[in-house]
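Some notes on the structure that comes next.
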Number of protein chains: 2
Amino acid sequence: MSHKLREVIRNISVDCVIFGYEHSTLEVLLVKRDVEPYAGMWALPGGFVKKGERIEDAAKRVLAQMTGVTDTYLEEIGVFDELDRYPLWRVFTVGHVALISPEHYSLHAGVDTRDVQWFPIEKIPPLPFDHSKIVAVALEKLRKRVRYQPIGFEILPEKFTLPQLQRLYEVVLGKKLDKRNFRKKILSMHFIQKLNEKDKNGIRRPAYLYTFDKKKYEKLKEKGFVFEL
Amino acid sequence: MSHKLREVIRNISVDCVIFGYEHSTLEVLLVKRDVEPYAGMWALPGGFVKKGERIEDAAKRVLAQMTGVTDTYLEEIGVFDELDRYPLWRVFTVGHVALISPEHYSLHAGVDTRDVQWFPIEKIPPLPFDHSKIVAVALEKLRKRVRYQPIGFEILPEKFTLPQLQRLYEVVLGKKLDKRNFRKKILSMHFIQKLNEKDKNGIRRPAYLYTFDKKKYEKLKEKGFVFEL
DNA sequence: CCAAAAGTGTTGAGAGTACACCCATGG
DNA sequence: CCATGGGTGTACTCTCAACACTTTTGG
């Protein structure tokens, strides 16, 4: 990338905070930097915006190149502009977040996978630049968002169980929820549909599988609601 | 400003959407451009970020210089990056919103006031660049925000009446609200305090005056709530 | 048959909604 | 004394919150 510096806008970059949900925890996707500064450190996937390129396209491009993650809806979370955030010269970066379902992607397809890894949010290594700040802002936005919009569709497998969805909410909200009230509330919104299948994987009593009703899900996301338990 | 081009970052600017509430309508503060491109047109107050300057500081500086409005909390609403939004070269702009109480400011103190004016949101003239888009985004954010956070403190006079506050909500939400239910709801949150004074200005029955309880107001803003009537 | 997680209903309290009349003032 | 907007209360409905036992499976 750096060998094409003349193609890029040298003072504007993008960074992506990709959240995934697996093993009952929230995880963030990090890549090992292969260029200076901070080569060798784990960092958010990011890079400079090219001349003639839209910011969102830059974020998608960078993400695909560095991690193999494609077709993701990236949401802007703000500009990070501390004067010395980039040590060599002044760079403004536009932060983005996305939620994805880890199982849908083979990370960095075809390239060395050791350089791309999921990290549980409580075990994120020290990050270069202001990347810790960016992750913190992304997480805060996610926590606010969950109260007013449905989540899960982007981050859970296509078929999922209610206990899975509940754990996702618990992880994001950071508190335990009452099983019965959670089910009642979620089901009353009708954005998920029960299937006639059960989850085989569990070694306990199998749970019923559900899928998202994408139309109703998107409508609720537009309209907003209130989730308080 | 343009005679100091060497001091500025030529591809990053800020623009401010300043909402005020007066004469029972939402208004936006516009300035008449005195430089090319689009000299002579009404536009959002905005300008380039200087080298070594933070974005938020740039927004505050530009706003103070162009309109006389100071001491305002500006909130970032996103980056606008269409390729041809600025006709001469590529410029990314960071949009900001603020709510202010018009009566608190003498516009462009000491300078020609004809160049700074409030426009009711339904009577905004054609704007240059992508400024209409920026206003639209700002308005949309305001409409979402009002459902989850209290508003009024920033945009109403220090002493105000309940009917005034209700009209503000009606204007922002775009619908009529029931008087009794509005009062019940607002008063039950305890972020405003009744005074023992009445509003003399009205030519009808005078209404009681209230003030905001700043602490409770800020706490509610942090915590969020749900406003549905 | 035991351990572990899934599934299921009811009740009481509090908030939301709908709705109509009297009051204070200026002209 | 009249026109205009300010101010007030109640009853019904619905949603929220708290809470415990039975069911299904694998080992």
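In what follows, chains are A, B, ... by sequence order, proteins preceding strands, each numbered from 1.
We find that B/Arg145 and B/Glu154 are joined by a salt bridge, their nearest charged nitrogen and carboxylate oxygen being less than 4.0 Å apart. A salt bridge links A/Glu82 with A/Lys133: the distance from a Lys NZ or Arg NE/NH1/NH2 to an Asp or Glu carboxylate oxygen falls below 4.0 Å.
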Next item on the list: For nucleotides 2-12 of chain D, just jot down a letter per nucleotide in 5' to 3' order: B, S or -, based on protein non-hydrogen atoms under 4.0 Å.
Entry: --BBBBBBB--
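Aromatic rings of B/Phe92 and A/Phe92 (six-membered ring for Trp) have centroids beyond the 6.0 Å cut-off, not under it. If you look at A/Phe80 and A/Phe129, their ring centroids are not closer than 6.0 Å.
The separation between B/Phe182 atom CZ and C/dG16 atom P is 13 Å, rounded to whole Å. With rounding to whole Å, A/Met189 atom CE is found 12 Å from D/dT15 atom C1'. The distance from atom NZ of A/Lys198 to atom C1' of D/dG26 is 14 Å, rounded to the nearest whole Å. Between A/Lys176 atom NZ and D/dC19 atom C1' the separation is 17 Å, expressed in whole Å. Nucleotide C/dA5 holds its P atom 13 Å from the CD atom of A/Gln166, rounded to whole Å.
Between the side chains of B/Asp15 and B/Thr93, at least one donor N or O lies within less than 3.5 Å of an accepting N or O. A donor-acceptor contact closer than 3.5 angstrom is absent between the side chains of B/His190 and B/Asp213.
Aromatic ring orientation, B/Phe212 versus B/Phe191: parallel (interplanar angle below 30°, classes split at 30° and 60°).
Taking the side-chain contact (heavy atoms from CB on, under 4.5 Å) definition, one finds that B/Glu27 meets it with B/Glu22, B/His23, B/Thr25, B/Trp118, B/Pro120, sequence neighbours left out.
Scanning residues 218-229 of chain B for heavy-atom distances under 4.0 Å to DNA chain D yields an empty list.
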